[in-house]
Amino acid sequence: MTTLSIFDQNRPEAAHTVTEDPAKIRDLLAAQGVRFEQWPTRELPADASPDAILEAYQEEVASLKDECGFQTADVISLNPDNPQKEAFRQKFLDEHTHSEDEVRFFVRGQGLFYLHFENEVYAVLCQKNDLISVPNGTRHWFDMGPEPAFTCIRLFTNPEGWVASFTGEDIAGRLPRYEALAGATG
């Protein structure tokens with residue numbers, strides 16, 4: 001189930017707020033400038049091609065492109081049998097920013113976005129149906145877990161703008177990882 005856990009960065013061992021209520025998650029994230037929505041899911045075969053996925057969600061993607069000025073969308077998938085899964089996981093486990101919004105819609109599976117605001121970290125366990133849009137410049141990191149299994153639609157204004165700019169902060173290493181927060185749902 002989609003979950004938002006909010007941590008004080010100075011007491012990262014336990015969240016002070018945890019909710020699975022989608023409306024509360026949306027409102028708490030919106031107060032930080034983060035867009036969170038749940039889109040209706042389309043039933044797709046497990047081996048659906050990126051083109052088939054984009055076609056299934058073409059109405060929602062087109063609406064976001066029009067509203068937010070995105071120029072392109074693509075599909076990314078990662079499965080537990082990928083021999084580079086650990087390298088992919090490590091790539092985004094450190095706090096970083098981007099020069100454009102990071103937008104993900106989870107077609108299947110799940111992943112954990114950590115968003116760092118002032119002295120708090122919002123850990124959002126996104127699952128199938130969830131759309132999250134992390135505003136440009138927001139300090140964050142992403143944990144896909146040790147056995148990643150997800151497919152996401154990504155939207156870009158400029159794909160080059162999505163390059164990670166690492167902050168050098170060690171905050172990501174002080175908070176519970178995916179294994180602790182996703183529990184048996186992963």
Side-chain angles (χ1 to χ4, degrees), residues 1-7 15-79 92 98 100-117 120-136 138 140-145 147-157 162 175-186:
M1 176 163 259
T2 303
T3 307
L4 171 62
S5 304
I6 304 175
F7 296 84
H16 63 72
T17 302
V18 177
T19 183
E20 294 177 340
D21 178 345
K24 189 169 182 180
I25 292 170
R26 182 195 64 232
D27 293 346
L28 287 166
L29 290 173
Q32 298 296 333
V34 176
R35 182 179 193 150
F36 175 82
E37 299 174 2
Q38 292 185 315
W39 290 355
T41 306
R42 310 294 192 273
E43 291 305 319
L44 296 165
D47 63 348
S49 71
D51 286 341
I53 292 169
L54 288 171
E55 183 177 326
Y57 290 96
Q58 73 181 38
E59 186 175 309
E60 290 89 346
V61 169
S63 177
L64 270 181
K65 282 182 173 181
D66 289 346
E67 178 186 342
C68 302
F70 296 116
Q71 299 298 309
T72 186
D74 71 5
V75 175
I76 184 168
S77 290
L78 199 59
N79 294 306
F92 297 107
H98 301 290
E100 75 168 61
D101 295 355
E102 181 169 351
V103 182
R104 301 288 177 272
F105 172 69
F106 284 79
V107 175
R108 74 168 179 89
Q110 64 184 19
L112 188 56
F113 277 92
Y114 295 81
L115 312 169
H116 188 184
F117 305 108
E120 291 186 315
V121 176
Y122 288 49
V124 187
L125 179 63
C126 292
Q127 299 194 332
K128 182 178 178 179
N129 294 39
D130 292 343
L131 172 102
I132 189 166
S133 180
V134 180
N136 69 47
T138 301
H140 69 284
W141 60 98
F142 179 72
D143 190 351
M144 61 187 74
E147 297 296 322
F150 65 86
T151 298
C152 288
I153 295 174
R154 306 184 298 179
L155 290 112
F156 302 98
T157 303
W162 190 75
L175 271 91
R177 294 247 188 244
Y178 178 96
E179 294 87 337
L181 296 180
T185 62

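We use all heavy atoms of the structure for the numbers below, so side chains are in, but hydrogens, waters and symmetry mates are not. Worth saying up front: this structure is predicted, and the values here are computed from it rather than measured.
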With side chains defined as the heavy atoms from C-beta onward, is the minimum distance between [X] and [Y] less than 4.5 Å?
| X | Y | value |
| --- | --- | --- |
| Thr2 | Phe36 | yes |
| Val121 | Trp141 | yes |
| Phe105 | Ile53 | no |
| Thr138 | Phe117 | yes |
| Gln110 | Tyr178 | yes |
| Val107 | Leu44 | yes |
| Leu181 | Asp143 | no |
| Met144 | Leu78 | yes |

Determine the minimum heavy-atom distance between [X] and [Y], stating which atoms define it.
| X | Y | result |
| --- | --- | --- |
| Ser133 | Pro135 | O-CD, 3.5 Å |
| Leu125 | Asp130 | O-OD2, 4.1 Å |
| Phe106 | Gln127 | CB-O, 3.3 Å |
| Leu155 | Glu100 | O-OE2, 4.2 Å |
| Trp39 | Val61 | CH2-N, 4.4 Å |

> If only atom types and distance count, is the side chain of Gln71 paired as donor or acceptor with the main-chain N or O of Gly69 below 3.5 Å?
Replying inline: yes

> Counting only N and O atoms by type, is there a donor-acceptor contact under 3.5 Å from the side chain of Asp101 to the main-chain atoms of Asn136?
Replying inline: yes

> In this structure, are over 12 heavy atoms from other groups packed under 6.0 Å from Glu55 atom CD?
Replying inline: no

> With sequence neighbours left out, which residue pairs that include part of residues 22-34 fulfil the salt bridge (Lys or Arg N to Asp or Glu O under 4.0 Å) condition?
Replying inline: none

> Does any pair with a residue in residues 58-67 pass salt bridge (Lys or Arg N to Asp or Glu O under 4.0 Å), and if so which ones, sequence neighbours excluded?
Replying inline: Arg35-Glu67, Arg42-Glu60

> Taking only residues two or more places apart in sequence, or in another chain, which ones meet Phe113 in a ring-ring contact (aromatic ring centres under 6.0 Å, His included)?
Replying inline: Phe142

